[in-house]
Amino acid sequence: MAVQTPAHSALGDLLSYASNVPLPAGTLVRVPLGRREVLGVVWRSAERAAESGSLELKPIAGALDALPPLGTGWRDLVAFTARYYQRSLGEVALAALPPQLRNLTSLQLSRRLKRQPSAGSAQVDAADATKLIALSTEQMGALARFDAEPGPFLLFGSTGSGKTEVYLRAVASLLERDADAQALVMVPEINLTPQLEARVRERFGAGAVVSLHSGMTNPQRLASWLAAHSGQARIVLGTRMAVFASMPALKLIVVDEEHDPSYKQQEGARYSARDLAVWRGQREGAKVILGSATPSLESWHRSRPADGDDTGGRYARLTMPSRIGESALPTIRGVDMNLQPPKTVLSGALLDAIGQRIARGEQSMVFLNRRGYAPVLACSDCGWKSECPHCSAYRVFHKIDRTLRCHHCGFTERVPRACPACGNPDIAPVGRGTERLEEHLAELFAPVQRPDGSPVRIARIDADSTRKQGALEQQLAQVHSGEVDVLVGTQMIAKGHDFRRITLVAAVNPDGALFSSDFRAPERLFSLLMQSAGRAGRDAGYLAAQGSTAEMWIQTHHGQHPLFQALKHHDYPAFAQQQLDERRAAGMPPFAFQALVRADARSQQAAQDFLNAASTAADALANAEHVTRYPAVPLAIQRVANVERAQMLVESGSRAALQRLLAEWQPLLHELRRTPEGKGVIRWLIDVDPQQI
């Protein structure tokens with residue numbers, strides 16, 4: 001029986017219970033665990049009960065037999081996830097189920113199922129051929145290869161090349177061929193799900209489509225999960241959690257924006273939904289499409305063509321380098337901030353370019369990946385800064401509600417009237433966030449008028465402005481309707497959105513990631529800037545009517561950096577080759593395999609002592625000589641909510657050797673927690689294939 005046992009309890013993957021009747025594997029049951037009654041999944045059949053010997057087993061409390069058992073493919077996916085990402089099987093299995101399902105009795109579930117549409121009742125509407133847009137030559141070529149080859153596929157298409165239409169045609173073709181087939185379409189962000197959902201529902205009919213993401217209520221998630229599990233839902237749209245949806249007739253998986261870090265879970269079982277989608281497709285015989293204008297370097301490397309002795313990657317690369325219609329990719333313009341006056345926020349040339357757009361009734365987008373008014377509030381007299389008392393980070397100044405807010409632990413206070421250290425009333429913001437940039441733009445363009453004589457309208461979209469239910473949809477609708485002249489925002493606006501009237505995009509202060517200690521930072525920056533550029537000039541007809549051109553402005557102090565040179569020519573292959581050459585020379589992924597062992601403790605010393613003791617204990621393991629273990633170090637933000645955090649990087653040229661070591665290491669880590677070296681340690685975890693180091 002797979003049940004969700006307490007973290008690091010060392011109880012083992014499966015627990016045994018007694019049942020009066022045989023229960024097939026995959027049946028959901030309610031079982032006693034300590035003083036609680038919890039949901040469990042039957043993992044093995046009754047024939048293996050003899051293995052429990054003379055132990056007296058607790059009986060199950062009841063079976064949720066109104067629900068068909070979870071299939072073998074789903075159980076294999078959960079088992080692989082638990083094994084690969086070093087978590088307990090029960091933890092992964094129960095986390096993959098809807099929260100509301102864990103609390104339902106058999107009677108409650110039966111009543112709930114009566115309200116569900118019957119399986120097979122959903123009909124997929126055939127798309128009216130007269131309403132379908134004509135495919136480009138590149139789109140037809142990609143679909144032809146998709147039909148003819150087994151995959152997995154990497155669809156490398158520039159922003160605006162029509163990747164979404166390729167996904168929808170592939171789904172339509174599958175559902176027409178197979179009356180029972182199901183398709184899973186994944187997107188990285190919740191805010192991208194509603195607009196894609198509307199497009200899919202319009203194409204295939206509302207009854208055949210359900211969504212799965214964390215922004216839904218528990219009853220909504222349960223209804224969607226039941227529709228997928230029963231086969232009633234033919235198409236499931238979702239974020240990373242949807243990779244675990246129970247879909248008995250799964251035949252196609254689409255992972256849009258496959259490079260996005262959001263596909264990597266950062267709590268609990270730290271799985272990569274993209275990688276699990278590929279594994280699941282191979283296990284269940286489903287075709288897999290990974291799509292992106294800036295693929296992850298791992299996927300790019302796995303899709304490399306054969307060259308000499310190199311037999312190539314195992315992915316098939318489909319390319320669509322051209323935008324749909326007459327649209328051209330935006331011209332990249334660099335602004336050398338070394339030549340600007342000190343403390344310049346937006347250069348004169350950029351402000352003039354935005355002003356010209358406003359005069360013509362066009363829209364501009366200014367991208368700054370830092371929310372709040374200013375990153376820190378400071379006193380010039382004594383040097384006081386708005387540090388968080390619970391974290392090794394500064395609290396961000398939010399001017400709208402006059403608060404200092406820690407973005408790590410959430411600790412919030414009102415802005416003090418004077419410096420808490422010396423009483424100086426002249427405390428000032430340092431740095432700039434989206435709130436301050438919005439205010440600055442409003443001041444600069446206050447004298448300017450729109451073509452109809454009304455004042456310029458500036459809007460901001462970030463995690464703060466979209467906190468209320470429905471706020472994001474309302475703000476996006478204003479942008480699409482043309483009510484907004486200048487849109488300011490974080491990465492929330494940089495990807496996936498189809499803004500038809502934006503002709504200029506500007507990136508403010510993107511240099512920070514160029515010299516990060518995280519080797520993946522340049523890759524993320526290039527992707528973010530290229531995705532941002534893709535928001536400009538998506539409608540060739542609108543550009544022609546306006547007599548305008550699409551532009552991307554980048555303000556940087558390092559204009560000669562290879563990243564910006566590749567970006568200037570929209571040359572992702574050149575950037576990828578340069579990065580892969582560096583990683584190959586340094587022995588970094590995808591040419592090596594990594595894991596992080598992390599420890600959280602009351603003191604930094606306790607966290608590091610635990611990790612270093614764990615490293616010493618691993619010396620005796622069989623695969624230790626094939627795996628490099630680096631000394632423990634603090635995290636970049638080493639204290640969060642009064643908890644000190646340390647990490648140790650573990651690396652090997654062999655994925656199998658790394659996995660064997662991690663599996664053998666687990667019992668030693670459990671034992672070490674009970675020794676003096678483990679005193680003060682709150683928790684430890686293993687992060688396989690980490691995305692941030």
Review point. Does the pair Arg460 and Leu437 meet the rule for a side chain to side chain contact (heavy atoms under 4.5 Å, CB included), with working shown?
Key: CA-CA 9 Å; Arg460 171 173 53 89; Leu437 183 59; over 6 Å; no
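- Taking a 6.0 Å sphere around CZ of Arg417, one finds it holds 12 or fewer heavy atoms contributed by other residues, nucleotides or ligands.
- Side-chain N or O atoms of Asp600 include none that pairs as donor or acceptor with a backbone N or O of Arg645 at under 3.5 Å.
- Between the side chains of Ser603 and Gln605, no donor-acceptor pair of N or O atoms lies under 3.5 Å.
- Here the side chain of Trp553 pairs no donor or acceptor atom with the backbone of Ile354 at under 3.5 angstrom.
- With respect to Asp687, the salt bridge (charged side-chain N to carboxylate O under 4.0 Å, His left out) criterion is satisfied by exactly one of Arg87, Arg598, Lys264: Lys264.
- Counting only N and O atoms by type, the side chains of Glu439 and Tyr373 include a donor and acceptor under 3.5 Å apart.
- Counting non-hydrogen atoms of other residues, nucleotides and ligands closer than 6.0 Å to CD of Glu267 gives a total of 12 or fewer.
- Side-chain contact of Arg524 with Ser516: a donor-acceptor pair under 3.5 Å is absent, judged by distance alone.
- Between Trp384 and Pro420 the shortest side-chain heavy-atom distance falls below 4.5 Å.
- Judged purely by atom type and a 3.5 angstrom limit, Gln555 uses its side chain to pair as donor or acceptor with the backbone of Ser347.
- Using a 4.5 Å heavy-atom threshold, the side chains of His259 and Ser299 count as separate.
- Arg371 places no side-chain N or O within donor-acceptor distance of the main-chain N or O of His398, the cut-off being under 3.5 Å.
- Taking CE of Met648 as the start and CG of Leu611 as the end, the distance is 5.0 Å to the nearest 0.5 Å.
- Ring pair Phe499/His480 is tilted by interplanar angle, where 30° to 60° counts as tilted.
- Side-chain atoms of Ile461 and Leu476, non-hydrogen and from C-beta on, do get closer than 4.5 Å to each other.
- No donor-acceptor pair under 3.5 Å is formed between the side chain of Arg535 and the backbone N or O of Ile493.
- Not one N or O on the side chain of Arg395 forms a donor-acceptor pair closer than 3.5 Å with the backbone of Arg405.
- At least one donor-acceptor pair under 3.5 Å links the side chain of Ser224 to the backbone N or O of Gln220.
- Thr81 places a side-chain heavy atom less than 4.5 Å from the side chain of Phe244.
- At a threshold of 4.5 Å between non-hydrogen side-chain atoms, the residues Phe564 and Asp511 count as touching.
- Nearest approach of Leu658 to Ala595, heavy atoms of both residues: CD2-N, 4.2 Å.
- The two residues Phe610 and Gly678 come nearest to each other via the heavy atoms CD1-CA, 3.9 Å.
- Here the side chain of Glu257 pairs no donor or acceptor atom with the backbone of Val187 at under 3.5 angstrom.
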Exercise for review: Given side chain to side chain contact (heavy atoms under 4.5 Å, CB included), test Leu662 with Val627 step by step and report yes or no.
Suggested key: CA-CA 10 Å; Leu662 294 176; Val627 180; over 6 Å; no
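- Side-chain contact between Val415 and Lys399 is absent, with no heavy atoms from C-beta onward closer than 4.5 Å.
- Atom OH of residue Tyr85 and atom CD of residue Gln659 lie 9.0 Å apart, to the nearest 0.5 angstrom.
- Inter-residue side-chain proximity for Leu487 and Gln363 is flagged as unmet; no heavy-atom pair is nearer than 4.5 Å.
- Between the CD atom in Glu91 and the CD atom in Gln4 there is a gap of 6.5 Å [rounded to 0.5 Å].
- Using a 4.5 Å heavy-atom threshold, the side chains of Asp689 and Tyr84 count as touching.
- No donor-acceptor distance shorter than 3.5 angstrom exists from the side chain of Arg221 to the backbone of Thr217, with no hydrogens or angles considered.
- Of the inter-residue distances, the one linking Glu438 atom CD with Ile400 atom CD1 reads 6.5 Å to the nearest 0.5 angstrom.
- Partner of Tyr394 under the side-chain contact (heavy atoms from CB on, under 4.5 Å) criterion, chosen from Leu404, Val430, Leu377, Val376: Val376.
- Under a 3.5 Å cut-off, the side chain of Ser392 and the backbone N or O of Arg639 do form a donor-acceptor pair.
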Exercise for review: Please step through side chain to side chain contact (heavy atoms under 4.5 Å, CB included) for the pair Asp401 and Thr412, ending with a clear verdict.
Suggested key: CA-CA 11 Å; Asp401 56 4; Thr412 303; over 6 Å; no
Check your understanding: Would Ser262 and Asp260 satisfy side-chain hydrogen bond (donor to acceptor under 3.5 Å, both in side chains), going step by step from the backbone distance to the final call?
Key -> CA-CA 5 Å; Ser262 300; Asp260 200 288; 2.8 Å; yes
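- Leu297 contributes atom CG, which lies 12.5 Å from atom CE of Met588 (distance to the nearest 0.5 angstrom).
- Each of Thr490, Asp464, Asn369, Asp462 was evaluated against Thr434; a single residue qualifies, Asp462, per the side-chain hydrogen bond (donor to acceptor under 3.5 Å, both in side chains) test.
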Check your understanding: Can you list the steps and then say if Phe515 with His558 is a side chain to side chain contact (heavy atoms under 4.5 Å, CB included)?
Key -> CA-CA 11 Å; Phe515 309 104; His558 305 279; 3.6 Å; yes
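- Ion pairing of Arg520 with Glu298 is present here, as a side-chain N (NZ or NE/NH1/NH2) and a carboxylate O approach within less than 4.0 Å.
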Check your understanding: Between Arg240 and Gln265, is a side-chain hydrogen bond (donor to acceptor under 3.5 Å, both in side chains) present by the stated rule, with each step listed?
Key -> CA-CA 8 Å; Arg240 62 175 175 262; Gln265 172 78 0; 2.6 Å; yes
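- Distance check: Ile693 CD1 to Glu651 CD gives 7.5 Å after rounding to the nearest 0.5 Å.
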